[in-house]
K.L.:
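Have a look at the structure that comes next, please.
We name chains A, B, ... by the order of the sequence lines, and we start the count at 1 in each one. Values below: all heavy atoms of this structure, side chains included; hydrogens, waters and symmetry mates excluded.
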Amino acid sequence: MKIASVIVDVPTKQTDRPFDYLVPDEWDEVIQPGMRVIVPFGPRKIQGFVTEIKTESEVKQLREMIEPMDLEPVLNKELLHLGEWLTETTLCFKIFAYQAMLPAALKAKYEKKVKLAPGMKEECLPEAIQSFFINNNSLDWDKALKNGLVSILQREAAKGFLEVVYVVKERVKKKQMKVVSPLMSTADLKIEMERLPSNAEKQKQVLHFFLDHPNPIELRQLLAEANASTATVKALVEKKLLSEEEMEVYRDPFEHRIFEHSTPLPLTSAQADVIEPILASIESEKHEVFLLYGVTGSGKTEIYLQSIQKVIEKGEEAIVLVPEISLTPQMVNRFKGRFGDLVAVLHSGLSAGEKYDEWRKIQRKEVKVVVGARSAIFAPFENIGIIIIDEEHETSYKQEDMPRYHARDVAIERAKTYHCPVVLGSATPSLESFARAQKKVYQLLTLSSRMNERPLPSVEIVDMREELRAGNRSMFSRKLFEMLKDRIEKKQQSVLFLNKRGHSSFVMCRDCGYVVNCPNCEISLTYHRAGSRMKCHYCGYEDHIPKACPECSSEYIRYFGSGTQKVEEELGKILPEARVIRMDVDTTGRKGSHERLLKDFQDGKADILLGTQMIAKGLDFPNITLVGVLSADTMLHLPDFRSSEKTFQLLTQVSGRAGRHQLPGEVVIQTYTPEHYSIELAGTQNYAFFYHREMMMRKLHHYPPFYYLVLITLTHENLMSVVSETEKIVNFVRSQVSNQAVILGPAASPIPRINNRYRYQCLIKYKREPHLTRILKKILDQYQTETKNGLQVSIDINPFILM
DNA sequence: CTTGGGGACCAC
DNA sequence: TGGTCCCCAAGT
């Protein structure tokens, strides 16, 4: 018998290795590496991934696998291999690496049930539980738990009356439809029709229908059109005149949408210069990484589209990554418009089933292009010709939980295998990427002017301290107010951008300034309008908003509603004539509302679009001539070495929304720290200056791109032990690395307690430590195996958030 | 002498 | 991760 090595769905250190199973003869021809299988594991049944088929095993007592879950592998060879690479580079469990590559729908769901043992009747059971088994012979374990039946059930199971069964289930079923087709030519069908008994009126009617429409037809449609019933069709199927088949159908999220077809636009000479090396790389099948640095509105997307065109012409495939928030219908339309049905879209707005169907299209090679957020980098193509990462600097490309990968790294790894180019596009490249381009690791391609020579908008920075001194206590500076008013008169549109951080909706006492914190986590609770409650977004703690302040008993305790709501109210007071569309989590919650709000704005149903991060990207409407940033510095003072970079990027992105077409654009940035270089330089939109300035800071403080980072976080219920264990780790690391490395810690995490567990961390900054991975593995081996002390260790290599 | 809770160990 | 086995402490 063949033997299959299987990675089982149990994420622990001890099970993070292949387990061998015998392949039953009936599956001998079927089982292949990359398939999901159901295997017995201890007393349960669980899902696993076959990584290898072999003929021998060191283990003597092998068990047989139960059954395959797929007819064809869900992971191809390359992806299986990529999984190993992911495991090595991010130090995660293999099972997490494989699961990350597949749509969530393919992650198994487990059910535990209690059934009557074979040959047993419910009468054998104690009366108290008989009723549960009268009609249905099985009882869900959760239900038993809720009813407090566990111990009695266990007793009966021990006596042999009941048995516990485990079921591995698919999360989403393939959507099927029944299709009926004739099994013979029209002529033969006619002969058969006449042979039918004269009383088979209905059957004749159905066959008659097929004489006119000999093509396969959906059962539902057939029934309606031929005015027949399922019984009739079944009779004909049994007579072998017709056939009835299940066919897989896709849920098409874009089914009823018409895409305006677009053709390649003539390139400007700057664009032509930039696309040339990319096309050359595609042509010569050479792996290269390009950093496409192009100011907002410089036509990067057209470069992407025409590069993809070339790749498709070569019979190869393209992956396009776009940050989740800019994966707007507008963006999708550009790709669907150019490549039509050859495009699959993967983003979080789709249901699990829809995502699965898009993924299936990729797997079955029915599409050539996938446009999607981070996880789309694992699209199961086998002939990749280009990988494009738009808005390369976006932090959402880094996954914050296991596997802690960066899509850019995965892209480069895959592109190496396929000998194809990677294009990183941005108007504000990350320092890491730009530095690599400077060192010629990446090839820099620059688009320095906007298409049709539109000037960049003029930017004015307003010092809000001055406003305060002049007696203006509102959140709108006089300048911004004047300009908003002006735009309304001119019937032009404005965009107001509110940085969410700092305006988050916490609950605060207006008398003493007391902020309501989570009792389990050291973090303020966020206000939720539904039911007027406050929630902790780390541990799920929930409570009513107190009537009075717990500190000073003042009744002036209130929530600071989502910043945008407040702005909207104030706008209503000072500019009552303005029509405002607000976009934030509250107004875009429902599916499709995001799209609808934007459509309304585009159609001129409002003068002002007010929103958070989600409006910073991709908006491209001709009538926008003013962009206002209400408070530029809210994210500047976060404890994050990238906060300056993020601020600069965000301000530049938002500014880029204005004046993209005929009308010139203006930008107003309000701030309390106008002298900060990231704000000042965002004002002049001077990336080069910002880059140099920020690089100096990074060098000075030993941060990327000069140093690499590794963040080790320990959590424990007991403050003393977490500190002392972190200390041990710090000392251990220190003893193992060269003296070039900087080791910080033990230090409390920026969120020092989550869910009653204290969090301490150790930050390693290093330039070159060839043995570091080995050292880190050693730490994980130590702590992930030691279950006794309840200490949890997590390691983030190249972290983005230092929390 | 039973019961139940907690920790160590195991799973091809 | 879930299960079982084993030990210990409290309860009938």
K.L.:
Atom NZ of residue position A:Lys398 - does it have more than 12 heavy atoms of other residues, nucleotides or ligands inside 6.0 Å?
P.N.:
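Check passes, neighbour count above 12.
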K.L.:
Can A:Ser348 and A:Glu324 be counted as having a side-chain donor-acceptor contact under 3.5 angstrom?
P.N.:
yes
K.L.:
For A:Tyr110, which contact category applies under a 4.0 Å heavy-atom criterion: base, sugar-phosphate, or nothing?
P.N.:
nothing
K.L.:
Whole-Å distance between B:dC12 P and A:Arg17 CZ?
P.N.:
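About 10 Å, once rounded to whole Å.
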K.L.:
What is the distance from NZ of A:Lys13 to C1' of B:dC10, rounded to the nearest Å?
P.N.:
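A:Lys13 atom NZ is separated from B:dC10 atom C1' by 17 Å.
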K.L.:
Return the value, rounded to whole Å, for the distance between atom NZ of A:Lys45 and atom P of B:dA11.
P.N.:
20 Å
K.L.:
With a 6.0 Å cut-off (strictly less than), is the heavy-atom count around OH of A:Tyr708, excluding the residue itself, greater than 12?
P.N.:
no
K.L.:
Which residues pass the salt bridge (charged side-chain N to carboxylate O under 4.0 Å, His left out) test with A:Glu432, sequence neighbours left out?
P.N.:
A:Arg642
K.L.:
In this structure, is the centre-to-centre distance between the rings of A:Phe41 and A:Phe19 below 6.0 Å?
P.N.:
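For A:Phe19 and A:Phe41, the ring centres are under 6.0 Å apart.
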K.L.:
Base, sugar-phosphate, or nothing: which does A:Pro18 touch, judged by heavy atoms less than 4.0 Å apart?
P.N.:
nothing
K.L.:
Starting at atom CZ of A:Arg63, determine the distance to atom C1' of B:dA11, rounded to an integer number of angstrom.
P.N.:
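Going from A:Arg63 (CZ) to B:dA11 (C1'), I get 8 Å.
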K.L.:
Give the rounded distance in Å between these two atoms: CG of A:Leu22 and P of B:dC12.
P.N.:
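Those two atoms, CG and P, are 11 Å apart.
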K.L.:
Look at atom NZ of A:Lys54 and say whether more than 12 heavy atoms of other residues, nucleotides or ligands are closer to it than 6.0 Å.
P.N.:
yes
K.L.:
Which two nucleotides bound the region of DNA chain C that has atoms under 4.0 Å from heavy atoms of chain A, read 5' to 3'?
P.N.:
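Endpoints of the contacted stretch of DNA chain C: C:dT1 to C:dG3.
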K.L.:
Test ring pair (Phe, Tyr, Trp, His ring centres under 6.0 Å) on A:Tyr707 and A:Tyr766; report intermediate values, then the result.
P.N.:
CA-CA 5 Å; A:Tyr707 282 76; A:Tyr766 68 99; 8.4 Å; no
K.L.:
Could you tell me the separation between the CG atom of A:Asp9 and the P atom of B:dC12, rounded to a whole number of Å?
P.N.:
15 Å
K.L.:
Does any donor atom in the side chain of A:Thr15 or A:Thr12 lie under 3.5 Å from an acceptor atom in the other side chain?
P.N.:
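Distance-only check passes for A:Thr15 and A:Thr12.
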K.L.:
Select base, sugar-phosphate, or nothing to describe what A:Phe41 touches, counting heavy atoms under 4.0 Å on all strands.
P.N.:
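Base, at least one base heavy atom under 4.0 Å.
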K.L.:
When you look at NZ of A:Lys107, are more than 12 heavy atoms from neighbouring residues, nucleotides or ligands closer to it than 6.0 Å?
P.N.:
no
K.L.:
Using a heavy-atom distance cut-off of less than 4.0 Å, which residues of residues 48-62 of chain A contact DNA chain C?
P.N.:
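The stretch gives none, as no residue of it lies under 4.0 Å from the strand.
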K.L.:
Within this structure, what is the CD1-to-C1' distance between A:Ile7 and B:dA11, rounded to whole angstrom?
P.N.:
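Rounded to whole Å, this separation is 14 Å.
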K.L.:
To the nearest angstrom, how far is A:Phe93 atom CZ from B:dA11 atom C1'?
P.N.:
15 Å
